[in-house]
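Presented below is the structure to which this report refers.
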Amino acid sequence: MKWTYSVRNKIAASAALLILCGLVLFSNYIDRDHTTNVKQSISTLYEDRLIVEDYILKMTIEIYEIKQILNAAEQSDQRSTDQIKASLSHIDGLSTAYQKTKFTKTEDLTFAALLKTLNEFESSSPQAVDHKIKLADQALEQLNKLSAIQLEESKLIMKHAEDLYISGKSLSEFAFIITIIILLVLQALVFASKTLRIPPPAANLN
């Protein structure tokens, strides 16, 4: 019956080694998946939030400059008109670049409202200074909302990356513990197999 027990030990050892190999492969897959997700989160944070925040800041500066021109000019002259056109052209380029990024639902609605305000500003009469100033203030308010959205989304992205790190660390620790248990089981099987060695037959003294 000892040979059947030895066979069972060998089968158990093979199964333990197979589980250990699967665990190593699974742990490697999880690590790679978490690394990819974290990299994607960082890429999203940079491309869709930090760069966008720079666009918003530059557009805000341009709107403030337009307001200063409107407040300083008692009446519309060619110089102020050209300066405003240059600022609007710069804003148009920034908004085009902004549109290529990933929008949230709220951000999409706010940005559409901003474009509507800017279009109304461009189409309004050059003599309607008060109306233009009102539209500029409206645009600044919308830009401020967009900036707040970037901050909130950045926090969510960082929270997601942190959750990925914590879950990845927990899985790694779990895999490490299971590996130790399997190695201990293998060691116990090895020791058990040694005790099953059949002693050589005693020498015939006759």
Side-chain angles (χ1 to χ4, degrees), residues 27-73 80-124 126 128-174:
S27 179
N28 183 57
Y29 169 77
I30 292 297
D31 287 341
R32 290 175 59 185
D33 185 60
H34 276 77
T35 300
T36 300
N37 288 332
V38 170
K39 286 182 178 179
Q40 185 177 358
S41 295
I42 293 173
S43 177
T44 300
L45 178 64
Y46 176 73
E47 295 177 2
D48 295 327
R49 300 305 158 202
L50 295 181
I51 289 182
V52 166
E53 185 63 33
D54 181 61
Y55 295 155
I56 293 173
L57 176 61
K58 289 178 179 178
M59 284 191 283
T60 300
I61 292 173
E62 293 292 349
I63 296 294
Y64 271 117
E65 290 181 353
I66 289 174
K67 276 194 66 178
Q68 288 181 345
I69 294 172
L70 292 172
N71 287 323
S80 63
T81 300
D82 291 342
Q83 289 176 334
I84 291 175
K85 285 183 179 179
S87 292
L88 289 174
S89 177
H90 190 201
I91 291 173
D92 184 61
L94 292 169
S95 63
T96 299
Y98 191 165
Q99 286 177 300
K100 295 178 181 179
T101 63
K102 185 178 179 180
F103 281 33
T104 65
K105 184 176 180 180
T106 304
E107 186 178 13
D108 190 20
L109 295 173
T110 307
F111 187 77
L114 174 65
L115 291 180
K116 182 179 179 181
T117 301
L118 293 174
N119 288 334
E120 187 177 349
F121 185 97
E122 290 188 66
S123 61
S124 61
V129 175
D130 291 339
H131 182 59
K132 283 182 175 292
I133 291 176
K134 181 179 179 181
L135 290 173
D137 288 334
Q138 186 173 319
L140 289 173
E141 183 179 349
Q142 290 160 343
L143 286 168
N144 186 54
K145 288 181 181 179
L146 289 172
S147 182
I149 291 173
Q150 308 315 311
L151 178 60
E152 189 63 31
E153 288 299 313
S154 296
K155 289 180 180 179
L156 291 176
I157 292 172
M158 292 303 297
K159 179 65 168 57
H160 178 64
E162 184 179 354
D163 291 341
L164 286 174
Y165 171 76
I166 293 174
S167 62
K169 184 179 179 181
S170 299
L171 285 173
S172 296
E173 291 175 350
F174 176 74

* **Nearest heavy-atom neighbours spanning F121 and K132** => O-NZ, 2.8 Å

* Considering all heavy atoms, the nearest K145-T110 contact -> CB-CG2, 4.0 Å

* Asked: Judged by atom type as modelled, is there a donor-acceptor pair below 3.5 Å linking the side chain of T117 to the main-chain atoms of A113?
  -> yes

* **Summary of salt bridge (charged side-chain N to carboxylate O under 4.0 Å, His left out) pairs that have at least one residue in residues 89-108, sequence neighbours excluded** => R49-E107

* Mind checking side chain to side chain contact (heavy atoms under 4.5 Å, CB included) for S87 and listing every partner two or more places apart, or none if nothing turns up? => E62, E65, I66

* **Rounded distance (nearest 0.5 Å) linking atom CG of L94 with atom CG of D54** => 8.0 Å

* To do: Using the test salt bridge (charged side-chain N to carboxylate O under 4.0 Å, His left out), find all partners of K116 that sit at least two apart in sequence or belong to another chain.
  => none

* Partner set under side chain to side chain contact (heavy atoms under 4.5 Å, CB included) for A128, not counting sequence neighbours -> S125, H131

* Asked: Rounded to the nearest 0.5 Å, what separation is found between the CG atom of L45 and the CD1 atom of I157?
  -> 5.0 Å

* For L115, enumerate each residue passing the side chain to side chain contact (heavy atoms under 4.5 Å, CB included) test, keeping only those at least two apart in sequence or located in another chain. => S95, Q99, F111

* To do: List for me each residue that meets side chain to side chain contact (heavy atoms under 4.5 Å, CB included) alongside K67, sequence neighbours excluded, and say none if there are none.
  => N71, I133, A136, D137, L140

* Asked: Looking at D130 and K134, does any basic side-chain N land under 4.0 Å from a carboxylate oxygen?
  -> no

* Structure fact -> Looking only at heavy atoms, the pair that brings L118 and A139 closest together is CD2-CB, 4.5 Å

